[in-house]
Amino acid sequence: MSENAVLTLPDGQSIELPVLTGSENEKAIDISKLRSQTKHITLDPGYVNTGACQSGITFLDGEKGILRYRGIPIEQLAENSSFMEVSYLLIHEKLPNQKELDDFHNEINHHALIHEDMRHFFESFSSEAHPMAILSAMVASLSAYYSEASGAASLGDVKQNAARLLSKIRTLAAFSFKKSIGQPFIYPRDSLSYCENFLRMMFAVPAEEYEPDKDVVDALNLLLILHADHEQNCSTSTVRGVGSSHANVYASVAAGILALWGPLHGGANQQVIEMLEHIRAEGGDVNKFVEMAKDPKSGFRLMGFGHRVYKNYDPRAKVIKGACDRVLAKLGVEDPILDIAKQLEERALSEDYFKERKLFPNVDFYSGIIYRAIGIPVNMFTVMFALGRLPGWIAQWKEMMEDPKSRIARPRQIYTGPIETPYMPIEKRK
Ligand code: ACO
């Protein structure tokens with residue numbers, strides 16, 4: 001039986017609005033006819049209460065701290081799966097059988113090289129350039145090489161474009177790192193797994209043999225799985241928003257990469273390590289920084305803390321925190337900032353300020369400590385996030401393009417500027 005909500009407006013008119021229920025019993029009031037029937041719009045800065053789509057990809061319950069991809073709990077995927085399998089699950093809507101997984105992996109390997117001309121683009125970037133700036137520019141440039149991928153046409157071969165993107169972003173990310181340290185590019189090698197291939201392109205040098213460490217490969221798989229999708233966050237909404245104009249998938253993902261870069265979103269993982277290093281440099285006193293975070297006048301926030309949706313411990317942070325000690329011990333790495341991070345968390349969570357606002361560590365709080373332990377430089381952390389989030393962006397873009405109800409994203413506004421004002425000739429202006 002369909003349910004309705006009734007909205008009564010100040011002018012006395014009243015409208016019935018359908019109430020939709022999701023598969024996990026979340027409720028939404030469908031306001032799609034509101035403006036045409038009442039001339040009113042809704043106002044919701046930051047879209048805190050606004051659902052922009054119906055999606056079957058990721059479920060998250062911020063109050064209970066639940067995250068599932070296609071119904072499968074993130075903890076089970078982290079324990080048992082690989083990044084390739086999770087990418088398949090997100091994009092192709094089910095776990096692959098062995099043959100499907102092998103074919104998927106082979107197709108990804110097949111696309112690992114970038115056009116040789118694109119190599120030369122790297123020469124033009126300053127060695128100071130942030131790798132996120134390079135990555136977004138290079139991913140946008142892919143549109144110039146795969147022009148058949150323009151707009152809705154790229155939906156015709158999602159499989160191929162998804163494989164191209166997943167594969168080439170890895171090569172581009174590694175090349176941007178090599179560029180920044182002045183080492184020669186290392187070309188991809190098909191016999192390796194996704195993560196091994198990436199690590200080799202990052203850390204091998206032509207003069208030496210390179211054997212990826214199994215513990216490092218496992219840690220990378222884990223981190224990429226945990227970042228693979230997170231429903232309608234800022235970067236994913238950007239990918240959907242840009243794609244809704246039928247811009248091609250490369251352009252849409254390049255825009256998502258730039259949205260991710262911001263320090264309030266994926267850029268926080270770099271900021272967390274910089275904050276922890278700063279605390280260490282100041283003698284390791286976490287109290288001072290917690291006090292600063294509580295003071296609205298300080299303008300300082302605990303990076304890696306708080307989340308728009310999670311009002312409970314972020315389940316991804318729980319898994320990563322658990323993995324931190326294990327991975328560092330296996331790799332024989334002792335990192336003093338892990339202790340500082342734990343002290344900071346303990347101190348913050350004991351404070352009413354954080355309890356009342358339900359602020360917990362998010363995915364970015366501990367991830368950087370593992371990235372650092374496996375040799376990823378701090379300015380590459382957000383690039384690593386982009387690599388992990390890519391299958392989610394592709395799956396969300398595909399779902400939107402295939403949804404017959406999708407329309408170009410075009411929010412409204414309440415205008416607060418001057419009312420009609422006549423043009424004044426320049427000689428009469430003060
Ligand atoms: N440190 C101190 N106070 C905080 C923090 C923090 N990290 N986060 C939120 N608050 C406070 C705010 O000052 C505000 O207090 P008030 O009610 O007294 O004004 C209250 O908690 C609510 O915060 P909002 O900014 O309104 O929450 P919003 O949902 O808009 O923002 C966000 C969420 C951006 C993640 C925020 O918590 C933040 O800036 N965190 C630090 C950056 C970060 O870690 N980002 C990564 C998020 S995860 C991801 O994107 C992958």
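Hydrogens, waters and symmetry mates are skipped; everything else that's a heavy atom, side chains included, is used. In this text, all values refer to a predicted model and were calculated from it rather than measured experimentally. First listed ligand is number 1; within each ligand, the first listed atom is number 1.
In this structure, atom 22 (C) of ligand 1 has no protein heavy-atom contact shorter than 4.0 Å. Distances from atom 48 (S) of ligand 1 to the protein include at least one heavy-atom value under 4.0 Å. Remark: atom 45 (N) of ligand 1 lies closer than 4.0 Å to at least one protein heavy atom. Within 4.0 Å of atom 26 (O) of ligand 1, not a single protein heavy atom is present.
Panel note: side chain Lys179, backbone Ser127; no donor-acceptor pair is recorded below 3.5 Å. Distance alone, capped at 3.5 Å, places no donor-acceptor pair between the Thr236 side chain and the Gln232 backbone.
Less than 4.0 angstrom separates some heavy atom of Phe385 from each of these atoms of ligand 1: 51 (C). Under a 4.0 Å criterion applied to the non-hydrogen atoms of Tyr353, ligand 1 contributes the atoms 2 (C), 3 (N), 4 (C), 11 (C), 13 (O). Within the listing of ligand 1, atoms 43 (C), 44 (O), 45 (N), 46 (C) sit less than 4.0 angstrom from a heavy atom of Ala268. Under a 4.0 Å criterion applied to the non-hydrogen atoms of Arg308, ligand 1 contributes the atoms 28 (P), 29 (O), 30 (O), 33 (C).
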**Q.** Candidate pair Ser82 and Asn221, rule side chain to side chain donor-acceptor pair (under 3.5 Å), full reasoning
**A.** CA-CA 6 Å; Ser82 67; Asn221 252 308; 5.0 Å; no

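Remark: Arg200 is not positioned above the aromatic ring of Phe203, lacking an NZ or CZ atom under 6.0 angstrom from the ring centre and at most 45 degrees off the axis. Judged by a 6.0 Å distance limit and a 45° cone about the ring axis, Arg170 is positioned over the six-membered ring of Tyr194.
Comment: Lys214 engages Asp218 in a salt bridge, judged by a side-chain N to carboxylate O separation of less than 4.0 angstrom.
Neither the backbone nor the side chain of Gln271 has a heavy atom within less than 4.0 Å of ligand 1. Counting heavy atoms under 4.0 Å from ligand 1, residue His265 touches it through both backbone and side chain. Using a 4.0 Å cut-off between heavy atoms, Leu359 contacts ligand 1 through its side chain alone, with no backbone atom that close. Looking at Asn233 against ligand 1, nothing comes within 4.0 Å, counting heavy atoms.
For Glu346, the CD atom counts as loosely surrounded, since its 6.0 Å shell holds 12 or fewer non-hydrogen atoms of other residues, nucleotides or ligands.
Geometrically, ligand 1 and Arg301 share a nitrogen or oxygen pair separated by less than 3.5 Å. Residue contacts with ligand 1: Leu264 is placed with a nitrogen or oxygen under 3.5 Å of a nitrogen or oxygen of the ligand (distance criterion only). In terms of polar-atom proximity, defined here as any N/O pair under 3.5 Å, Phe300 makes no such contact with ligand 1.
Of the listed residues (Tyr146, Trp397, Tyr250), just one forms a side-chain hydrogen bond (donor to acceptor under 3.5 Å, both in side chains) with Asn161, and that residue is Tyr250.
Ligand 1 is never approached by Gly46 to a heavy-atom distance shorter than 4.0 Å. In this structure, Phe365 has no heavy atom closer than 4.0 Å to ligand 1.
Side-chain atoms of Asn379 and Gln270 form no donor-acceptor pair, as typed in the model, at a separation below 3.5 Å.
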